[in-house]
Amino acid sequence: MSDSTPLPPAQTIVPRLTKAVGCLLFAGAVILGVWQGVRYTRLHLALRHAHEEFAARRYMRAEFWAGRALSVDDRNIDATRLMAEINEAQDWPAALGWRIKVVQREPNNNDDMMLWAKSAFRFGQREMAAHVLKNLPADFQDRSAEYHEMMAGIALGNHDLRGAEEHFGRAAELDRGNPVHRINLASFRLANSPDKEVHARAVKDLHDALADPNARLLAIRELLADATRRHDRENALQLADQLRAMPEHTFADELSCLDIVPTQDRFKAAVADFEKRSEADAQKAIATGEWLNSHRLAPETLRWYPQLPSAVRSSTRMQIVAAEAYLAVGDWQKLEAFLKMGRWEDADFLRRAMAIRARRELAQPWQKDWEQLTDDVEANPPDGFLLAQVVIGWKWRPEAVKLLWDAATKPKTNSVALENLWNLYTETHETRELLRVARAQTELDPANPVRKNNEAFLTLLVYGASSRAERLARAASESNPQIPEWAATYAYALHLAGKDATAQKVMSALPPEALQHPGVALYYAIVLAGNGDQTGARETLARLDARGMLPEERKLATDLAQKLERAAKGASG
């Protein structure tokens, strides 16, 4: 017989267990509810603070609170959008990454897609912007004037004047109540159409817009720019008088009228008048100094600057204007002395860079100071990227390239830094460096078909057949088979892999006119030759435009021509 307490019967255990489990579940639900309530409170408190700080333009604080909101809910769409807006307000390229995240988290929102495209266009990613816009639903494209305005901008960037005019015209049709669209269309025609009748209609449209209080300032600016461009001084003077008579005109508008002052004496008097009027206002003084510098009147800036009140002279931006004038005239000793007196707050890296340039121009030691400066800006993005832009203008290419590669490792500047490197290496046709950039861009944005095509194309040129390059080229081409250059990359990858028949099918799907594009014709000739059509390859190669080709492409063209010539001699022999 056992001494232990007898077990209760099963019919008494089950209700007890059921009750215990119920209590635990209830307690868990209470705890979960409390936790969810705490998270909700923390999230919305952080979002409220973030919006308040953003509205007050306290961007650093706004970013802190938006980050706090994302630490509670890393997929919160409101906080993600706000992060994009905070970065855009400060003109930081990191905004583009946040716009992409917004669309990833809410993929069917056309307004967010438009904002992504705008951000891409703004930060130099025109191909990305075009890709985003073209993937918007057709019905949205058909009814959105803003879509067509953006497509017009992309067409202009691609020197597609006909496409730009079509999109400007469509925007004006879709939103007839918005005079800006009509003004944009008329302005485009004024600047780009050689047809006198088209020009006359555009001038009439702009004159008609002068009756609209909401549009007249934009219209008269364009009319004045056109008259100045055509050296129609009499008309320009009348338009300048009209512009100055509009109460809403700006100080910058008045400065633009200086370009058409009729005589040298009156011009000097007008400049002196502007200098006098802007002396007590730092913003106007800065605008006047920048106008003088941009019109090759830097000596006048340097004569005028010491006469300004000390409060205006001490403005960082005004000191930058004066320093740029010293740079323009090449007075390195005075520039060095001037820079020693200043401290430019957040722009002090620029002051230090100018001082280093002065020492370099004077053949004084400068390398150690430059190394220290680059270390400092690397630790404080986006200063490194901004410094790179400055030294590109100075033709300091090695220094600019290093700064840009450093900026390419920073989240705030990686995308735009890589774009700048792409442009620099494109100018010098450095294929291997372009491939290095393309790989970094693909790693940064692996879903982007433009990046996939670029990496594939350059890999094939540098290293030949590659399974990864073929896979990337196929993905890019299949995302939009109507882009001839992408199809050409894929066809070339197939050719190098020994799949000439498939390569021929890819190229044959393109319109005949596309096969003569500069970036397509060479690869079409290669595919034709690979499929035994030597006559077609020879004819295509004869029409090839070699301008802008990379060295490896020139070698491909030369090798193909020699191969075809040997084949022709063999056939005739």
(message) Apply side-chain contact (heavy atoms from CB on, under 4.5 Å) to residues Glu324 and Met354 and explain how you reach the verdict.
(response) CA-CA 9 Å; Glu324 288 172 341; Met354 288 184 174; 4.0 Å; yes
Give a yes or no on whether the backbone of [Y] and the side-chain of [X] come within a donor-acceptor separation of less than 3.5 Å.
{"X": "Ser314", "Y": "Ser310", "answer": "yes"}
{"X": "Thr413", "Y": "Ala407", "answer": "yes"}
{"X": "Thr250", "Y": "Asp253", "answer": "yes"}
{"X": "His249", "Y": "Arg244", "answer": "yes"}

If a pair satisfies salt bridge (charged side-chain N to carboxylate O under 4.0 Å, His left out) and one of its residues is in [range], list it, with sequence neighbours excluded.
{"range": "residues 284-308", "value": "Glu275-Arg303, Glu290-Arg317, Glu300-Arg303"}
{"range": "residues 416-427", "value": "Glu419-Arg451"}
{"range": "residues 436-448", "value": "Glu433-Arg436"}

(message) Run the salt bridge (charged side-chain N to carboxylate O under 4.0 Å, His left out) test against Arg162 and tell me which residues pass, sequence neighbours left out.
(response) none
(request) Could I get the full list of salt bridge (charged side-chain N to carboxylate O under 4.0 Å, His left out) partners for Arg277, not counting sequence neighbours? (result) Glu254, Asp273
Might you confirm whether atom [atom1] of [X] has over 12 heavy atoms from other residues, nucleotides or ligands at distances under 6.0 Å?
{"X": "Asp241", "atom1": "CG", "value": "yes"}
{"X": "Arg61", "atom1": "CZ", "value": "no"}
{"X": "Gln367", "atom1": "CD", "value": "yes"}
{"X": "Gln307", "atom1": "CD", "value": "yes"}
{"X": "Arg543", "atom1": "CZ", "value": "yes"}
{"X": "Glu345", "atom1": "CD", "value": "no"}

Could you give the side-chain donor-acceptor pairs of residues 325-332 under 3.5 Å, partners two or more places apart or in another chain?
{"from": "Asp331", "atom 1": "OD1", "to": "Lys334", "atom 2": "N", "distance (Å)": "3.3"}
{"from": "Trp332", "atom 1": "NE1", "to": "Gly330", "atom 2": "O", "distance (Å)": "3.3"}

Minimal non-hydrogen separation, [X] against [Y], with atom names:
{"X": "Trp291", "Y": "Leu255", "value": "NE1-O, 3.4 Å"}
{"X": "Glu279", "Y": "Pro309", "value": "O-CD, 3.2 Å"}
{"X": "Ala323", "Y": "Leu335", "value": "O-CD1, 3.8 Å"}
{"X": "Ala469", "Y": "Leu460", "value": "CB-CD2, 3.8 Å"}

Does [X] have any ring-ring contact (aromatic ring centres under 6.0 Å, His included) partners at least two apart in sequence or in another chain, and if so, which?
{"X": "Trp422", "value": "none"}
{"X": "Tyr463", "value": "none"}
{"X": "Phe121", "value": "none"}
{"X": "Phe64", "value": "none"}

Under 6.0 Å between ring centres, would you say that holds for [X] and [Y]?
{"X": "Tyr492", "Y": "Phe457", "value": "no"}
{"X": "Trp98", "Y": "Trp116", "value": "no"}
{"X": "Phe338", "Y": "Tyr305", "value": "yes"}

(message) Can you tell me which residue among Asp376, Asp369, Thr374 is in a side chain to side chain donor-acceptor pair (under 3.5 Å) with Gln372?
(response) Asp376
(request) For the pair Tyr523 and Glu553, evaluate side chain to side chain donor-acceptor pair (under 3.5 Å) and give the outcome as yes or no after the intermediate values. (result) CA-CA 9 Å; Tyr523 304 98; Glu553 291 183 293; 2.6 Å; yes
Spacing of [atom1] belonging to [X] relative to [atom2] belonging to [Y], to within rounding of 0.5 Å:
{"X": "Glu165", "Y": "Asp160", "atom1": "CD", "atom2": "CG", "value": "11.0 Å"}
{"X": "Asn453", "Y": "Thr489", "atom1": "CG", "atom2": "OG1", "value": "4.0 Å"}
{"X": "Ser315", "Y": "Ile286", "atom1": "OG", "atom2": "CD1", "value": "4.0 Å"}
{"X": "Gln441", "Y": "Asn414", "atom1": "CD", "atom2": "CG", "value": "10.0 Å"}
{"X": "Leu206", "Y": "Asp226", "atom1": "CG", "atom2": "CG", "value": "8.5 Å"}
{"X": "Leu435", "Y": "Thr459", "atom1": "CG", "atom2": "OG1", "value": "4.5 Å"}

(message) side-chain contact (heavy atoms from CB on, under 4.5 Å) for Leu224 and Asn235? Distances and angles first, verdict last.
(response) CA-CA 8 Å; Leu224 178 58; Asn235 187 29; over 6 Å; no
(message) I'd like to check the side-chain hydrogen bond (donor to acceptor under 3.5 Å, both in side chains) partners of Glu88; sequence neighbours left out, ordered by chain and number.
(response)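 So Glu88 forms a side-chain hydrogen bond (donor to acceptor under 3.5 Å, both in side chains) with Arg99.
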(request) Quick one: list whatever passes side-chain hydrogen bond (donor to acceptor under 3.5 Å, both in side chains) with Tyr147, sequence neighbours left out. (result) Gln141
Beyond-backbone contact of [X] with [Y], side-chain heavy atoms, under 4.5 angstrom:
{"X": "Glu149", "Y": "His181", "value": "yes"}
{"X": "Ser187", "Y": "Phe168", "value": "no"}
{"X": "Arg468", "Y": "Glu455", "value": "yes"}

(request) Output yes when Glu399 and Arg357 qualify as a salt bridge under the 4.0 Å nitrogen-oxygen rule, no when they do not. (result)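 A salt bridge is absent here (no side-chain N lies under 4.0 Å from a carboxylate O).
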Establish, from distance only, whether the side-chain atoms of [X] and [Y] form a donor-acceptor pair under 3.5 Å.
{"X": "Thr428", "Y": "Arg397", "answer": "yes"}
{"X": "Asn420", "Y": "Asn423", "answer": "no"}
{"X": "Gln319", "Y": "Trp344", "answer": "yes"}
{"X": "Thr228", "Y": "Asp259", "answer": "no"}

(message) Working note: Asn380 + Val377, criterion side-chain contact (heavy atoms from CB on, under 4.5 Å); need CA distance, chi angles, decisive distance, verdict.
(response) CA-CA 5 Å; Asn380 190 32; Val377 296; 5.9 Å; no
(request) May I ask you to decide if the ring planes of Tyr425 and Trp405 are parallel, tilted or perpendicular, using 30° and 60° as cut-offs? (result)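 Correct class here is tilted.
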(request) Could you please spell out the steps behind the side-chain contact (heavy atoms from CB on, under 4.5 Å) verdict for His199 and Arg189? (result) CA-CA 6 Å; His199 185 275; Arg189 287 172 172 167; over 6 Å; no
